[in-house]
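By convention in this document, chain letters (A, B, ...) are assigned in the order of the sequence lines, proteins followed by strands, and residues within each chain are numbered from 1. Side chains included, hydrogens not; waters and symmetry mates left out as well; all remaining heavy atoms used. Everything numeric here is computed off the predicted structure, so don't read it as measured data.
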There are 2 protein chains.
Amino acid sequence: MAIHKKEEFTQKEQDLANFAKAMAHPARIAILKVLAQRNECICGEIVDLLPLAQSTVSQHLKELKNAGLITGTIDGPRSCYCINWKAFEKFNSEFSFLFAHLKLKNEKACC
Amino acid sequence: MAIHKKEEFTQKEQDLANFAKAMAHPARIAILKVLAQRNECICGEIVDLLPLAQSTVSQHLKELKNAGLITGTIDGPRSCYCINWKAFEKFNSEFSFLFAHLKLKNEKACC
DNA sequence: TAGTCTTATCGTATATTTGCGATATAAGAT
DNA sequence: ATCTTATATCGCAAATATACGATAAGACTA
């Protein structure tokens, strides 16, 4: 785009949008599901489960990590990934707040 | 990208990702907040509140509508937009399910 | 030390998103 | 009928995202 306008919104709006963006790809949803089932996972196992090349999976993992949704630690020659529970909970409560706010007002929908 | 791979994931993963994608921009979060506060809103009011051109806001509204997050009805020369409550609730429950699933397993985080 | 295995990064091609101005459209007002 | 007002759409430019192969980096193994 010609100019970035994202900075002109509130920090909360940007945070929520960034979190949503990190989840805005089925591959990343699938990765989160795998991590949830196993509570930990090395990169290779995720690569085996997804229909994507190793480099692409690594890139998705990096995005999830940058967004703070997961943590990664080096374990010898491998990398172990886990859900970053705190960040997830923070997003959930913020999202629920927005959602609850919507619900409260929704008694007389017009269209 | 060279080839689309999104179709190779499950429908639920794609649905969740699409919903997240619709929320993955601060302008669209802001629009949803405005709609929540007023329970209905014409396009012009939203344009006044956002730091974006009218055509850009209209595009964001279109994306929210395409994703099913809002509904829009023509009201004379204006357009009235509202939250699509059912779609929002569906997403919330699916997201909560994923979240609860994560929570259940997270007693022994490794990293 | 050389070889292997695992993961990250680089380079590149292509697709999608974002944003705006200009223009079209549609309804009410004069 | 013409003008105004409100919104949608088109066309374009620039930024991002997606995907892959090739390659680098790091750590065990022989």
Side-chain angles (χ1 to χ4, degrees), chain A residues 1-9 13-14 17-31 34-35 40-67 70-82 111, chain B residues 1-9 13-14 17-31 34-35 40-67 70-82 111:
Chain A
M1 56 230 97
I3 308 162
H4 296 139
K5 291 277 186 168
K6 291 185 179 175
E7 304 79 30
E8 304 194 21
F9 296 92
E13 285 163 354
Q14 292 184 53
N18 283 333
F19 201 102
K21 192 167 148 191
M23 309 238 315
H25 195 285
R28 295 196 287 271
I29 298 282
I31 289 172
V34 171
L35 291 182
E40 72 167 66
C41 204
I42 61 172
C43 176
E45 297 179 59
I46 300 169
V47 172
D48 291 342
L49 291 170
L50 298 195
L52 297 171
Q54 178 267 323
S55 58
T56 306
V57 172
S58 189
Q59 219 172 313
H60 282 304
L61 285 167
K62 189 181 176 185
E63 281 172 68
L64 285 170
K65 200 173 171 184
N66 284 344
I70 64 174
T71 57
T73 54
I74 298 165
D75 176 24
R78 300 142 211 270
S79 286
C80 171
Y81 286 99
C82 290
C111 49
Chain B
M1 58 231 92
I3 309 163
H4 297 138
K5 291 277 185 168
K6 291 185 179 177
E7 305 79 31
E8 304 195 21
F9 295 93
E13 284 163 353
Q14 291 183 54
N18 282 334
F19 201 102
K21 192 166 150 193
M23 309 236 318
H25 195 286
R28 294 196 287 270
I29 297 282
I31 289 171
V34 172
L35 292 181
E40 71 167 65
C41 203
I42 61 170
C43 175
E45 296 179 62
I46 299 169
V47 172
D48 291 343
L49 291 171
L50 299 195
L52 297 170
Q54 178 267 323
S55 58
T56 306
V57 172
S58 188
Q59 221 172 312
H60 282 304
L61 285 166
K62 190 182 176 184
E63 281 172 68
L64 285 169
K65 199 174 171 183
N66 285 342
I70 64 175
T71 58
T73 53
I74 298 166
D75 176 24
R78 300 144 211 269
S79 286
C80 171
Y81 286 100
C82 290
C111 49

Colleague: Regarding E63(A), tell me which of base, sugar-phosphate or nothing describes its non-hydrogen contacts under 4.0 Å with the strands shown.
Modeller: sugar-phosphate
Colleague: Output the single nucleotide from dG26(D), dC20(D), dT18(C) whose closest atom is nearest the side chain of R28(B).
Modeller: dT18(C)
Colleague: Should L52(B) and K5(A) be marked as a side-chain contact (heavy atoms from CB on, under 4.5 Å) after you check the CA-CA gap, both sets of side-chain angles, and the distance that decides it?
Modeller: CA-CA 8 Å; L52(B) 297 170; K5(A) 291 277 186 168; 3.7 Å; yes
Colleague: Just wondering, do Y81(B) and L61(B) contact through their side chains at under 4.5 Å, heavy atoms?
Modeller: yes
Colleague: Going by modelled atom types, is there a donor-acceptor pair between the base of dA8(C) and the side chain of Q54(A) at under 3.5 Å?
Modeller: yes
Colleague: Determine: side-chain N/O of K21(A) to OP1/OP2 of dA17(D), distance under 4.0 Å, yes or no.
Modeller: yes
Colleague: Which whole-number value in Å describes the distance from Q59(B) CD to dA8(D) C1'?
Modeller: 10 Å
Colleague: Once you apply a heavy-atom cut-off of 4.0 Å, does I42(B) come out as touching a base, just sugar-phosphate, or nothing?
Modeller: sugar-phosphate
Colleague: Between dC20(D) and K5(B), is there an OP1 or OP2 to side-chain N/O distance shorter than 4.0 Å?
Modeller: yes
Colleague: Distance check: side-chain N/O of T56(B) vs OP1/OP2 of dG19(C), anything under 4.0 Å?
Modeller: no
Colleague: So, is R78(A) close to the dC28(D) phosphate, meaning a side-chain N or O under 4.0 Å from OP1 or OP2?
Modeller: no
Colleague: Can you tell me how far C1' of dA8(D) sits from CD1 of I46(B), to the nearest Å?
Modeller: 14 Å
Colleague: Using whole Å, what does the distance between atom C1' of nucleotide dT18(D) and atom CD1 of I29(A) come to?
Modeller: 16 Å
Colleague: Quick check: are there more than 12 heavy atoms from other residues, nucleotides or ligands sitting under 6.0 Å from CD1 of I74(B)?
Modeller: no
Colleague: Taking the side chain as every heavy atom from C-beta outward, state whether K62(A) and N66(A) have any pair of such atoms under 4.5 Å apart.
Modeller: yes
Colleague: In whole angstrom, what separates N66(B)'s CG from dA8(D)'s P?
Modeller: 12 Å
Colleague: Under a 3.5 Å distance rule, please check whether R28(A) uses its side chain to pair with a backbone N or O of A17(B) as donor and acceptor.
Modeller: no
Colleague: I need the NZ-P distance between K62(B) and dT16(C), as an integer number of Å.
Modeller: 15 Å
Colleague: Taking NZ from K6(B) and C1' from dT16(C), how many angstroms apart are they, rounded to a whole number?
Modeller: 8 Å
Colleague: Classify the ring geometry between H25(B) and H60(B) as parallel (under 30°), tilted (30 to 60°) or perpendicular (over 60°).
Modeller: tilted
Colleague: Between H25(A) and dA19(D), is there a contact of a side-chain N or O with OP1 or OP2 at under 4.0 Å?
Modeller: yes
Colleague: Indicate whether OP1 or OP2 belonging to dT6(C) is found under 4.0 Å from a side-chain N or O atom of Y81(A).
Modeller: no
Colleague: Does dA19(D) have OP1 or OP2 sitting under 4.0 Å from an N or O in the side chain of H60(A)?
Modeller: yes
Colleague: So L52(B), base contact, sugar-phosphate only, or nothing? Heavy-atom distance under 4.0 Å.
Modeller: sugar-phosphate
Colleague: Rounding to a whole Å, what distance do you find between I31(A):CD1 and dT7(C):P?
Modeller: 13 Å
Colleague: So does S55(A) get a side-chain nitrogen or oxygen closer than 4.0 Å to the phosphate oxygens (OP1/OP2) of dT9(C)?
Modeller: no
Colleague: Can you check the L50(B) CG to dT18(C) C1' distance for me, whole Å?
Modeller: 14 Å
